[in-house]
Structures are given as structure tokens and as C-alpha cells.
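Contents: one structure, followed by commentary.
The structure presented is a predicted model; accordingly, all values stated were derived computationally and were not measured. Just so we're on the same page: letters track the sequence lines, and every chain starts at 1.
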Protein chains: 2
Amino acid sequence: MSKREDVSISVIRRLPRYYRFLGDLLKTGVYRISSKELALRMGITASQIRQDLNCFGGFGQQGYGYNVEQLHAEIANILGLDKKYKLILLGAGNLGRTIATQMKFEEQGFELIGIFDKKESLIGEVIRGLPVRSIDTIDEFCKTYQPVTAVFCIPKNSALEYADRLAALGIKGFWNFSHLDISIGNDDIVVENVHLGDSLMTLSYKIHDALK
Amino acid sequence: MSKREDVSISVIRRLPRYYRFLGDLLKTGVYRISSKELALRMGITASQIRQDLNCFGGFGQQGYGYNVEQLHAEIANILGLDKKYKLILLGAGNLGRTIATQMKFEEQGFELIGIFDKKESLIGEVIRGLPVRSIDTIDEFCKTYQPVTAVFCIPKNSALEYADRLAALGIKGFWNFSHLDISIGNDDIVVENVHLGDSLMTLSYKIHDALK
DNA sequence: TAGATTGTTAATCGATTAACAATC
DNA sequence: TAGATTGTTAATCGATTAACAATC
């Protein structure tokens, strides 16, 4: 990792996919790969791969290609997967507990340290080794443990209520599953949206379109 | 809905967001809106809104703007939200049952008609009014009920096993939560990927980058 | 050395934004 | 009619692809 300055989000969004493919290659014992071969497997152009990687440095070698293990590690580095950003999760409903239990946070740069809900009956329940805490204790919790990231698995209205509050408490990043568009009017924070409904509607369009 | 021919995916992906904002406007009693005002609320340009909409037809009126209710309905139409594409879900684990219970399929163009898993102990359990069926009965089920869409909440290996098989059984669209890149080498089908891990890694990068 | 493949510059393509005539 | 705002064309900007000299 070396150059970099304002790499476009289009490039960034391709990095996790490179990372996955390189991980798979490693598992199958491939230790060296050319941009041409990787492009073929991924269904993209070799030019794009080389351009993308060169936003961050020259990881390859002319006449040889790329060392799979090294490149894999470089991308992990670029993405910050070795970090342990403290993470809290809001909403211990269906979606919240699925996210809490299924995601491999430790492999992706995060450490889940707290789960919160407003529903009395859920408080105290243990999910992934963590007790569900009352949302009313979140200010104190943040002051003590200083998480930098929050996952929103709460309804739109609650999201609206907590977004600014958490930002004021030092939360810099939101992984947002709610229907709220958090970022608007707040430049200090970063947001990654997962709008499942939008995704499903997009699929609806694609099918609708394909069946014509 | 009128013109249209190969509208770019960038445009399509913005439609659900327009749809959400228009729905919110309707709820708050706004019946008329200009591209300028909508752009302001959404944090995009008015030009983009007008360009996007004009891929499908002229829904506005000079000097007036857009009728919110009508535009909302037009977009629903474009996206095919009034359809009832038959949908099956593979994988009744944590994620699968969350998707099954939480999504508003009927409002987004789909009708969930079957849930499948390979795990013996889950078979017969009822989720959203549907019994979990053995994955072994899926061929017969598809021949009988002819679903056109499948949700993949199964591991990569299983996804690899079932993608082609389902395509052969008439499945045209996949909502893919697995780590497999389904589409490669199959032009007949449409795929909408939800790579939660990729999304989380992207967030990791953004935070990493913002904290610099 | 000859062959392969990168890193990087240049060319192309597509998407976004600006401008404005048409028109309600 | 005058003012507002669209639909649409033109200009700009950014991203992808192609080409090729550098070099392992």
C-alpha cells in the first residue's frame, strides 16, 4: 500500500471481490496469477484489474504476474481488514440477531462489543456472547468503550432518532439496514447502506425486463 | 411507461430510491413536486432526476412539476411491483428465515411459494405460513408450480450445486446472498447479488480512510 | 536473450451536469 | 400574459478499455 489519494468508490467496491477470488485461488493452491487469467475468471478486463491495483501501488512483476498470497494480503491491508474497529449493533430483532451471529466481523476489520434494543423483553438475552442492553444505556456505554461504528437494524424512525445522537457520541461509520438515508447533511460520517428492499425491487425490474 | 430500450443499470438502481422518497412525500401529504425540490431532498441534481425519468416517458408537466401519486405509481409499474413472480427460497438457516419473514415480497413484485433446506431437522417447520421442504423435492416442486425466481441463502458450495439445476428448471432470476458469483457463463438468467461481507469490507475501507 | 506481463499513458465510451427552447 | 419547470440537446466529467514501452 503506497500511493492512493481519493480512489473512486467504483474501484473500492471491486476490492472485496478481488479479495474473495484471491482467497479462493489460494485455497486451491494457485500461487501466481496474471491479470489476464484473473480477468477471465472474474468476467472483467485485465486492464481494469491492473488499473484498479495501481491506484494503491505496483504489486505485480512484469513477465510474471502477481503473487496471489501477497496480493491477497495487500488488499486486506488496503481495506483495513486487520483492524479491530469497535462496533455496536442497534436492534436485536430478526435481522439484528442474524447479522450479529452470521457475520465474520473479526475477519473484516471489526469487533462487535455491544448489542442494544429498546424492547424490555429482549434485554439480558445473550447473542454471540453479548447481552442485549437497553438502548437507554447507550450514551454511557459509548462514553466508556468508545465504539467507532454502528450497525442499524432498527426501523426508520428509530434510526432517525439515533443517527445524530451516535454521531455526537463519536460514531464515525454506519452500516445501515434501515430505510433512512442517514448521510444527508452530515459530512463527518461515512455510511454503507444495505437496502434489501431496493435490491429486491431491482431484481423485480431485471426479471420484468428479461421476460419481455 | 412508454419509451425504454436498454436503460442503464445505474438509472435502474436509482428508481427504488425515488420510489421510497415519493412514498414518503405521499404519506406527508405532498401531492406535487418539482425536480428541483426533490433533488434537494435527495441530495442529487435535478438534471439527473429529469434524465432518469425521461428514459421511461414524460411524466411531468412544464411549469408545474410532477404529480407525486402518479409518478409513484409509474415507477411501481416500471419496476414491476404489481407483478407476482413466484419465488422460492433455498436455505432456512438464520439468514433464510429472516429474509422469509421480514421482506414485503407482495409489495415488491413477488410471491413466496416455497422454502427448501437440506437439513432433516428443519423439514416441516413452518415459516411465514410455509412448510420447509426437503431440497430433494425441489425438481418436482418446480415442475408443478413453475417459480421464476429463487433466493439463495445457502453456502457457496450448495449454491454452485443448485444454480444450474434451477436454471434448467426454469428459474430466470436469482436473489443471491451466497458468496458464489452465479451469473458467470449464463446469459439467460438475471442475478441480483447481496454480498454482505463485501459491503462490510467496503465500510471498513471507508472508516479506515476517514480516520486518516 | 526472447517471451511474458506489468505499469501507465492515450483513446473511447458512458454517465452526469448544464443550458435552454418548448410549453403548461 | 409572465413565471415556472419540464423534456431534451450539448458540454463536461469520470470510468473503462486499449495500446505499448518498460522490465522482469
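The closest donor-acceptor contact from the side chain of B:N67 to the backbone of B:E69 lies under 3.5 Å.
Between B:Y66 and D:dA4 there is no side-chain polar atom (N or O) within less than 4.0 angstrom of OP1 or OP2. Distances shorter than 4.0 Å separate none of the side-chain N or O atoms of A:S35 from OP1 or OP2 on C:dT5.
Rounding to whole angstrom units, CD of residue A:E37 and P of C:dT6 are separated by 11 Å. Across the protein-nucleic acid pair, A:L53 atom CG and D:dA15 atom P stand 17 Å apart, rounded to whole Å. The nearest whole Å value for the distance from the CG atom in B:N67 to the P atom in D:dT5 is 15 Å. Look at CZ on A:R32: it is 11 Å from P on C:dA4, rounded to the nearest Å. Here the C1' atom of nucleotide D:dT6 and the CD1 atom of B:I49 are 13 Å apart, to the nearest Å. The CD atom of B:Q48 sits 18 Å away from the C1' atom of D:dT5 (whole-angstrom rounding). Taking atom CD1 of A:I33 as the reference point, atom P of C:dT5 lies 11 Å away to the nearest angstrom. Straight-line distance from the CG atom of A:D52 to the P atom of D:dA15: 11 Å, rounded to whole Å.
Not less than 6.0 angstrom separates the ring centroid of B:Y66 from the ring centroid of B:F59.
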*Base, backbone or nothing for each nucleotide of nucleotides 18-24 of chain C, written B, S, -, heavy atoms under 4.0 angstrom, 5' to 3'?*
BBB-BBB

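A residue-by-residue look at A:S8 and B:A46 shows that B:A46 has its nearest nucleotide of DNA chain D further toward the 5' end.
Side-chain contact check for B:Y85 and A:H208: at least one donor-acceptor pair (N or O, by modelled atom type) lies under 3.5 Å. Under 3.5 Å, the side chains of A:W175 and A:T149 contain no donor-acceptor pair of N or O atoms.
Between A:R133 and A:D117 there is no salt bridge, since no side-chain nitrogen of the basic residue lies less than 4.0 Å from a carboxylate oxygen of the acidic one. Taking a cutoff of 4.0 Å between a charged side-chain nitrogen and a carboxylate oxygen, A:D209 and A:K206 do not qualify as a salt bridge.
What you find for A:I78 and B:Y205 is that their closest heavy atoms are O-CD1, 3.3 Å.
The nucleotide whose nearest atom lies closest to any side-chain atom of B:R14 is, among D:dG7, C:dT16, D:dT5, C:dT16.
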*Both distances under 3.5 Å, Watson-Crick or G-U wobble: on that basis, could you give the dot-bracket string for DNA chain D, with [ ] for crossing pairs and | for other-strand partners?*
..||||||||||||||||||||||

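For A:R32 and A:Y64, the positive end sits near the middle of the six-membered ring, less than 6.0 Å away and at most 45° from its axis.
Between A:Y145 and A:F141, the ring-plane angle classifies as tilted under the 30° and 60° cut-offs.
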